[in-house]
Enquirer: 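If you scroll down you'll find the structure; I have some questions about it.
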There are 2 protein chains.
Amino acid sequence: MADATAAGDGGLTPAARRILDVASELFYQRGIRAVGVDTIAAESGITKRTLYDRFGSKEALVAAYLGARDERWRAFVESRIAAVPAGSPARVLAPFDALAEWTAPPPSARGCAFLNAFGELPEPDHPARAVVIGEKTWLRDRFRALLAEAGAARPDGLAVQLLSLHEGAVVAYSMAGERGAAAEARAAARVLLDRAVAGG
Amino acid sequence: MADATAAGDGGLTPAARRILDVASELFYQRGIRAVGVDTIAAESGITKRTLYDRFGSKEALVAAYLGARDERWRAFVESRIAAVPAGSPARVLAPFDALAEWTAPPPSARGCAFLNAFGELPEPDHPARAVVIGEKTWLRDRFRALLAEAGAARPDGLAVQLLSLHEGAVVAYSMAGERGAAAEARAAARVLLDRAVAGG
DNA sequence: AGTGATGTTCACAGATCAGTGTAGTGATCG
DNA sequence: CGATCACTACACTGATCTGTGAACATCACT
């Protein structure tokens, strides 16, 4: 049971964990194509042989990086949704609270990892593509469900509007340096939501 | 006066023009780092020597690509702004009309070239970075000016909201496959605008 | 005829890329 | 004991990367 190689770490061996951690940071900060496997191996203090024994290819490592990030982000958003009492229309705005928290302290200025990966990996069959597309469609569907729950009018269209506000706020934050973008997006979302709930 | 090497083509020689056209298409479709100068030279039927004689470096070619695209895009937006009579609050929405037109026919699905470049080129001193950041800040400032012109309340904050809606619509379109994202974003922007002009 | 700009051809440098082959170490488990 | 697993060490392949050097052709203009 107290298996050192698995359990509690997503089934990753210690070396695989280090590789994934280091690769995640490097991919995010410098870009995916800009980081070579030699660099990842060197920075994580693990041999390239082990990297390939654990992940199989750079493509698969990239997919693992984005998959793990996706999982963390979804859990974070869900926690902020759960923090708002069910039945309250403000639940719809919870993803904006999560975003505000995420953009609060460090001006990392590297923006959305999924967006960056999307721009860098146009190959339709790249294993990471499904992950990045899944992340955006998940958020849209999440908005849609929350809107339906709140009894908002036209939940499909409004979900697209809220998704746009959310994604655009990340862009405004990272590219235009708008530190208050998440708060502004939330305020705009509230206006749209109020209208749709009150029956405008 | 009838100088064949300059005039009417941004001062580009015929070979430079071909290189820039081919490189622009390849950079946009496949990503900047994914396209080598050898490929650009081969596909444009021009030698690598000429490429370096005209542009100096790949970095500079990338900057030229984004600079030209920025210029075209700004002119396109300005033309749509000019199409709305001055004094009409709907002028503020003109960039959304431009976006709707741009996302209308082909599901190119490669999204915003500036966003993609931003994700791919984190180096702070890359000559293309100023261009991509300039594009986003320009649009924000344009929104701000149009809002001030329309007498909207809180033009600074609203400009960030409209910028977010605009940029997010591109993301929703390219990544989540939302073909109606531009129209939805425009509708949301109108709600926000009406409120700010009527004095909500 | 002379000059300068434009472009070609082709070889080459030096680095970096993803990925593999082989051999060996130490620990754990049945 | 023997097998398996996780990992190291290290050399190596073949491709691709950005960028350069040198010699030559073509054309326009003066």
Side-chain angles (χ1 to χ4, degrees), chain A residues 1-23 26-27 30-65 117 120-123 125-128, chain B residues 1-23 26-27 30-65 117 120-123 125-128:
Chain A
M1 286 294 180
D3 192 332
T5 67
D9 213 2
L12 294 179
T13 63
R17 176 82 270 161
R18 279 189 56 81
I19 292 168
L20 187 54
D21 286 347
V22 168
L26 291 177
F27 284 153
R30 305 187 199 169
I32 292 168
R33 301 195 78 120
V35 176
V37 287
D38 294 275
T39 304
I40 296 168
E43 298 254 323
S44 57
I46 264 101
T47 56
K48 209 163 44 155
R49 199 78 211 74
T50 300
L51 189 156
Y52 277 94
D53 282 347
R54 296 293 138 253
F55 293 95
S57 69
K58 184 185 177 183
E59 273 195 355
L61 178 59
V62 171
Y65 148 57
E120 252 186 307
L121 311 171
E123 307 91 349
D125 53 338
H126 195 292
Chain B
M1 287 292 180
D3 192 332
T5 67
D9 214 2
L12 293 179
T13 63
R17 176 83 268 161
R18 279 189 56 81
I19 292 167
L20 186 54
D21 286 348
V22 168
L26 292 177
F27 284 153
R30 305 186 199 168
I32 292 168
R33 301 196 79 120
V35 176
V37 287
D38 293 275
T39 305
I40 295 168
E43 300 255 322
S44 57
I46 264 98
T47 57
K48 209 164 44 155
R49 201 76 199 80
T50 301
L51 189 156
Y52 277 94
D53 282 347
R54 296 293 138 254
F55 294 95
S57 69
K58 185 185 176 182
E59 273 195 354
L61 178 59
V62 171
Y65 147 57
E120 252 185 308
L121 311 171
E123 307 90 349
D125 52 339
H126 194 294

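Scope of the values below: all heavy atoms of this structure, side chains included, with no hydrogens, waters or symmetry mates. Each chain gets a letter, A, B and so on, in the order the sequences are listed, and its residues count up from 1.
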Enquirer: Could you tell me which non-hydrogen atom of B:Pro122 sits nearest to which non-hydrogen atom of A:Gly31, and how far apart they are?
Expert: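 So the minimum-distance heavy-atom pair works out to CG-N, 4.3 Å.
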Enquirer: Not counting sequence neighbours, which residues clear side-chain hydrogen bond (donor to acceptor under 3.5 Å, both in side chains) with B:Thr50? List them please.
Expert: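 Only B:Thr47 meet the side-chain hydrogen bond (donor to acceptor under 3.5 Å, both in side chains) criterion with B:Thr50.
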Enquirer: Using the salt bridge (charged side-chain N to carboxylate O under 4.0 Å, His left out) criterion, which residues pair with A:Glu43? Sequence neighbours excluded.
Expert: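 Expected list: none.
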Enquirer: Taking DNA chain C as the partner, which of residues 34-42 of chain A come within under 4.0 angstrom of it by heavy atom?
Expert: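 Under 4.0 Å from DNA chain C: A:Val35, A:Gly36, A:Val37, A:Asp38.
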Enquirer: Using the 3.5 Å cut-off, write out each protein N or O paired with an N or O of nucleotides 22-25 of chain C and the distance between them.
Expert:
residue	atom	partner	partner atom	Å
C:dT22	O4	A:Arg49	NE	3.4

Enquirer: Go through the structure and list residues passing side chain to side chain contact (heavy atoms under 4.5 Å, CB included) with A:Ala64, not counting sequence neighbours.
Expert: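 Per chain and number, A:Ala64 pairs via side chain to side chain contact (heavy atoms under 4.5 Å, CB included) with A:Leu20, A:Phe55.
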Enquirer: Partners of B:Arg30 by side-chain hydrogen bond (donor to acceptor under 3.5 Å, both in side chains), sequence neighbours excluded?
Expert: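 Scan of B:Arg30 (side-chain hydrogen bond (donor to acceptor under 3.5 Å, both in side chains), adjacent residues dropped) gives none.
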Enquirer: Rounding to a whole Å, what distance do you find between A:Asp9:CG and D:dA6:P?
Expert: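 Going from A:Asp9 (CG) to D:dA6 (P), I get 14 Å.
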Enquirer: How many angstroms lie between atom CD of A:Glu120 and atom CG of B:Leu121, to the nearest 0.5 angstrom?
Expert: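 Reported value, rounded in 0.5 Å steps: 8.5 Å.
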Enquirer: Output, in order, the C-alpha distance, side-chain angles, deciding distance and verdict of side-chain contact (heavy atoms from CB on, under 4.5 Å) for A:Val22 and A:Ile46.
Expert: CA-CA 10 Å; A:Val22 168; A:Ile46 264 101; over 6 Å; no
Enquirer: Taking DNA chain C as the partner, which of residues 51-58 of chain A come within under 4.0 angstrom of it by heavy atom?
Expert: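 The stretch gives A:Tyr52, A:Ser57, A:Lys58 as the residues lying under 4.0 Å from the strand, ordered by number.
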Enquirer: I want to check one thing: is the phosphate of C:dG7, taken as OP1 and OP2, less than 4.0 Å away from some side-chain N or O of B:Thr50?
Expert: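 So the side chain of B:Thr50 is outside the cut-off, no N or O lying under 4.0 Å from OP1 or OP2 of C:dG7.
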Enquirer: Find the distance B:Ile46:CD1 to D:dA25:C1' and express it as a whole number of Å.
Expert: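 It works out to 16 Å between those atoms.
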Enquirer: Which value, rounded to the nearest 0.5 Å, describes the distance between A:Ile19 atom CD1 and A:Thr13 atom OG1?
Expert: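 Going from CD1 on A:Ile19 over to OG1 on A:Thr13, the span is 7.0 Å.
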Enquirer: Using nucleotides 12-16 of chain C, report all nitrogen or oxygen pairs with the protein that are shorter than 3.5 Å.
Expert:
none

Enquirer: Got a sec? Which of residues 15-22 of chain A come in under 4.0 Å of DNA chain D, heavy atoms?
Expert: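 Result for residues 15-22 of chain A: A:Ala15, sorted by number.
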Enquirer: Just to confirm, is there a sub-4.0 Å distance from OP1 or OP2 of D:dC5 to any side-chain nitrogen or oxygen of A:Thr13?
Expert: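 So the side-chain polar atoms of A:Thr13 never come under 4.0 Å of the phosphate oxygens OP1 or OP2 of D:dC5.
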Enquirer: Applying salt bridge (Lys or Arg N to Asp or Glu O under 4.0 Å), which residue pairs with at least one partner in residues 51-61 of chain A are found, sequence neighbours left out?
Expert: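 For residues 51-61 of chain A, and leaving out neighbouring residues, the salt bridge (Lys or Arg N to Asp or Glu O under 4.0 Å) pairs sorted by first residue read A:Arg49-A:Asp53.
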